[in-house]
Amino acid sequence: MCGRYTLTKPAKTIQSHFAFMESKIPHKKRYNIAPTQQAPVVMLREGKRELLLMRWGLIPPWSKDEKMGSRMINARAETIAEKPSFRNALQRRRCLIVADGFYEWQKQPQGPKQPYWIALKGEEPFAFAGLWERWDRAADGNALETCTIITTGANELLRPVHDRMPVILSPNEYDVWLDVESYQGREVADLLRPYPSEAMVARPVSRRVNNVANDDPECIEPVGTEGITT
């Protein structure tokens with residue numbers, strides 16, 4: 001699964017990578033983005049990429065309670081085409097969830113789990129494959145836009161830590177994922193695969209990331225031995 005992630009690069013680096021229109025959204029480096037918080041998302045509107053914020057944790061439009069979103073931070077690639085909560089979004093509302101790393105926790109023989117920060121080798125920005133929905137039943141009368149991160153089976157690097165990982169898209173796949181008018185079916189399903197192990201790194205980090213109140217550079221500072229223990 002994916003329960004925490006980071007976005008620490010400067011605004012200009014992110015805009016250059018994702019090629020979205022100039023955004024008025026205030027940029028803040030994030031070292032511990034957690035479910036129900038606001039997540040930067042890129043979507044396609046009138047043929048142009050746009051950056052906006054959505055709450056992490058998808059609420060289907062038919063849901064009676066926004067609490068459902070906290071249980072839907074991830075969507076399994078293997079079943080999204082059939083699940084009522086995700087199948088319409090897969091066809092009509094795909095997005096890129098902007099990140100540059102994510103956390104996963106490895107069970108230890110004794111004591112608490114060890115967190116790892118996982119990123120691309122160059123630590124450049126990347127996109128999780130995401131889905132989004134608009135929920136119109138908020139108590140204040142305003143529509144609430146929410147998103148979820150698609151997961152797939154873990155690659156060889158991450159398998160010792162967890163059997164799932166978020167789907168990471170390559171830049172040359174962004175257009176296919178975002179263009180719901182032109183691409184459906186197999187062209188989209190083929191993107192939902194594990195990212196190559198050789199293009200990624202993982203390092204153990206402090207357990208301070210376990211607390212969502214901690215959102216600072218110390219969260220991704222390496223501790224102990226580099227690499228994943230097996």
Side-chain angles (χ1 to χ4, degrees), residues 1-7 18 20 33-46 49-99 102-104 118 126-138 142-155 158 162-195:
M1 63 175 294
C2 179
R4 304 280 182 82
Y5 70 96
T6 63
L7 182 59
F18 287 96
F20 52 77
I33 301 174
T36 74
Q37 294 181 354
Q38 294 295 299
V41 168
V42 172
M43 59 185 298
L44 200 64
R45 282 184 174 168
E46 298 180 356
R49 294 182 189 177
E50 183 177 343
L51 180 74
L52 62 156
L53 295 175
M54 293 186 181
R55 193 169 84 169
W56 183 16
L58 187 140
I59 307 175
W62 42 262
S63 176
K64 296 180 180 179
D65 190 342
E66 66 179 87
K67 293 180 181 179
M68 188 174 186
S70 63
R71 304 192 301 271
M72 303 185 72
I73 63 171
N74 293 159
R76 294 176 68 92
E78 298 86 344
T79 57
I80 53 173
E82 292 80 37
K83 291 284 186 180
S85 299
F86 305 122
R87 62 190 178 197
N88 289 335
L90 179 64
Q91 294 175 356
R92 307 304 306 169
R93 288 173 290 280
R94 301 193 296 260
C95 63
L96 306 175
I97 298 178
V98 182
F102 64 96
Y103 298 99
E104 193 51 80
I118 300 111
F126 60 79
F128 296 129
L131 306 175
W132 70 277
E133 282 286 8
R134 182 179 288 107
W135 190 65
D136 292 317
R137 301 188 184 187
N142 295 319
L144 185 62
E145 292 184 335
T146 62
C147 62
T148 188
I149 296 172
I150 299 175
T151 66
T152 186
N155 61 22
L158 296 182
H162 200 279
D163 61 354
R164 307 289 297 177
M165 68 177 292
V167 172
I168 296 174
L169 299 173
S170 299
N172 61 3
E173 298 170 333
Y174 293 172
D175 285 339
V176 174
W177 184 253
L178 289 174
D179 190 348
V180 297
E181 300 297 333
S182 302
Y183 299 101
Q184 294 289 341
R186 180 50 55 189
E187 290 174 304
V188 171
D190 286 347
L191 303 180
L192 305 180
R193 62 188 183 278
Y195 203 77

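Numbering starts at 1 and runs along the sequence shown.
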A.B. asks: Can you measure from CZ (Arg164) to OG1 (Thr152) and round to the nearest 0.5 angstrom?
C.D. replies: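 The CZ atom of Arg164 sits 5.5 Å away from the OG1 atom of Thr152.
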A.B. asks: Out of Phe102, Tyr195, Tyr103, which residue meets the side chain to side chain contact (heavy atoms under 4.5 Å, CB included) rule with Ile118?
C.D. replies: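 Answer to the side chain to side chain contact (heavy atoms under 4.5 Å, CB included) test with Ile118 among Phe102, Tyr195, Tyr103: Phe102.
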A.B. asks: Could you give all pairs that pass the side chain to side chain donor-acceptor pair (under 3.5 Å) test and reach residues 80-98, with sequence neighbours left out?
C.D. replies: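 Sorted result for residues 80-98: Arg92-Glu181, Arg93-Glu133.
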A.B. asks: So, the side chain of Ser63 versus the backbone of Asp65: is there a donor-acceptor pair under 3.5 Å, distance only?
C.D. replies: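 Side chain of Ser63 to backbone of Asp65: a pair is present.
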A.B. asks: Determine yes or no for a side-chain-to-main-chain donor-acceptor pair under 3.5 angstrom, with Asp136 supplying the side chain and Ala143 the backbone.
C.D. replies: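 The answer is no, because no donor-acceptor pair under 3.5 Å joins these two groups.
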A.B. asks: Can you tell me how far apart CG (Leu144) and CE (Met54) are? Round to the nearest 0.5 Å.
C.D. replies: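 One finds 10.0 Å between CG of Leu144 and CE of Met54.
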A.B. asks: Check Ile59, Leu131, Ile97 against Cys147 for a side chain to side chain contact (heavy atoms under 4.5 Å, CB included) and give me the one that passes.
C.D. replies: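 Between Cys147 and the candidates, side chain to side chain contact (heavy atoms under 4.5 Å, CB included) is satisfied uniquely by Ile97.
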A.B. asks: Can you list the steps and then say if Thr6 with Ile33 is a side-chain contact (heavy atoms from CB on, under 4.5 Å)?
C.D. replies: CA-CA 6 Å; Thr6 63; Ile33 301 174; over 6 Å; no
A.B. asks: Compute the centroid of each ring, for Phe128 and then for Trp56, and state whether the two points are separated by less than 6.0 Å.
C.D. replies: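 Here the rings of Trp56 and Phe128 have centres that are no less than 6.0 Å from each other.
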A.B. asks: Using side-chain heavy atoms (C-beta onward) and a distance below 4.5 Å, is Arg55 in contact with Glu145?
C.D. replies: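 SC-SC contact between Arg55 and Glu145 ruled out.
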A.B. asks: Heavy atoms only: give me the nearest Leu192-Ala77 pair and the separation to one decimal.
C.D. replies: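 Closest pair (atom of Leu192, atom of Ala77, distance): CB-CB, 3.8 Å.
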A.B. asks: Take Tyr5 and Ile149, measure what side-chain contact (heavy atoms from CB on, under 4.5 Å) needs, and give me the verdict at the end.
C.D. replies: CA-CA 11 Å; Tyr5 70 96; Ile149 296 172; 4.2 Å; yes
A.B. asks: Val180 and Gln184: which non-hydrogen atoms are nearest, and at how many Å?
C.D. replies: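 Smallest interatomic distance, heavy atoms only, reads O-NE2, 2.9 Å.
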A.B. asks: Looking at side-chain heavy atoms only, is the closest gap between Val41 and Leu53 below 4.5 Å?
C.D. replies: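 When only atoms from C-beta onward are counted, Leu53 and Val41 do not touch, as no gap falls below 4.5 Å.
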A.B. asks: Can you name the nearest heavy-atom pair linking Gly3 to Ile73, along with the distance?
C.D. replies: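 The pair with the smallest heavy-atom distance is CA-CD1, 4.1 Å.
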A.B. asks: Evaluate the criterion side-chain contact (heavy atoms from CB on, under 4.5 Å) for residue pair Val98 and Phe18; output intermediate values, then yes/no.
C.D. replies: CA-CA 9 Å; Val98 182; Phe18 287 96; 3.4 Å; yes
A.B. asks: Will you find, in the side chains of Thr151 and Arg76, an N or O donor that is under 3.5 Å from an N or O acceptor?
C.D. replies: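 On atom types as modelled, these side chains do not qualify, holding no pair under 3.5 Å.
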A.B. asks: Mind listing the closest non-hydrogen atom pair of Pro40 and Gln38 along with its distance?
C.D. replies: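 Nearest pair, atom of Pro40 first, then Gln38: CD-O, 4.2 Å.
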A.B. asks: Nearest 0.5 Å, please: how far is CZ in Arg193 from CG in Asn155?
C.D. replies: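 So the gap between those two atoms works out to 12.0 Å.
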A.B. asks: Under 4.0 Å between a side-chain nitrogen and a carboxylate oxygen: does that hold for Asp175 and Arg49?
C.D. replies: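 Salt bridge flag = yes for Arg49 with Asp175.
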A.B. asks: About how many Å separate CG of Leu90 and CD1 of Ile80, when rounded to the nearest 0.5 Å?
C.D. replies: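 The CD1 atom of Ile80 sits 4.5 Å away from the CG atom of Leu90.
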A.B. asks: Applying side-chain hydrogen bond (donor to acceptor under 3.5 Å, both in side chains), can you list everything that pairs with Glu187, at least two apart in sequence or on another chain?
C.D. replies: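 Per chain and number, Glu187 pairs via side-chain hydrogen bond (donor to acceptor under 3.5 Å, both in side chains) with no residue.
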A.B. asks: Got a second to check how far Leu52's CG is from Phe20's CZ, nearest 0.5 Å?
C.D. replies: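 Interatomic distance, Leu52 CG to Phe20 CZ, rounded to 0.5 Å: 10.5 Å.
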A.B. asks: Once rounded to the nearest 0.5 Å, what's the spacing between atom SG of Cys2 and atom CG of Asn74?
C.D. replies: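 The SG atom of Cys2 sits 6.0 Å away from the CG atom of Asn74.
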A.B. asks: Hey, does the side chain of Trp177 reach the backbone of Cys95 with a donor-acceptor pair shorter than 3.5 angstrom?
C.D. replies: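 Here the side-chain-to-backbone pair exists.
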A.B. asks: State whether the side chain of Thr148 and the backbone N or O of Met72 hold a donor-acceptor pair below 3.5 Å, judged by distance alone.
C.D. replies: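 A pair under 3.5 Å: yes.
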A.B. asks: Holding to salt bridge (Lys or Arg N to Asp or Glu O under 4.0 Å), I want the full list of residues that pass it with Asp179, two or more places apart in sequence or in another chain.
C.D. replies: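 Listed in chain order: nothing, the list is empty.
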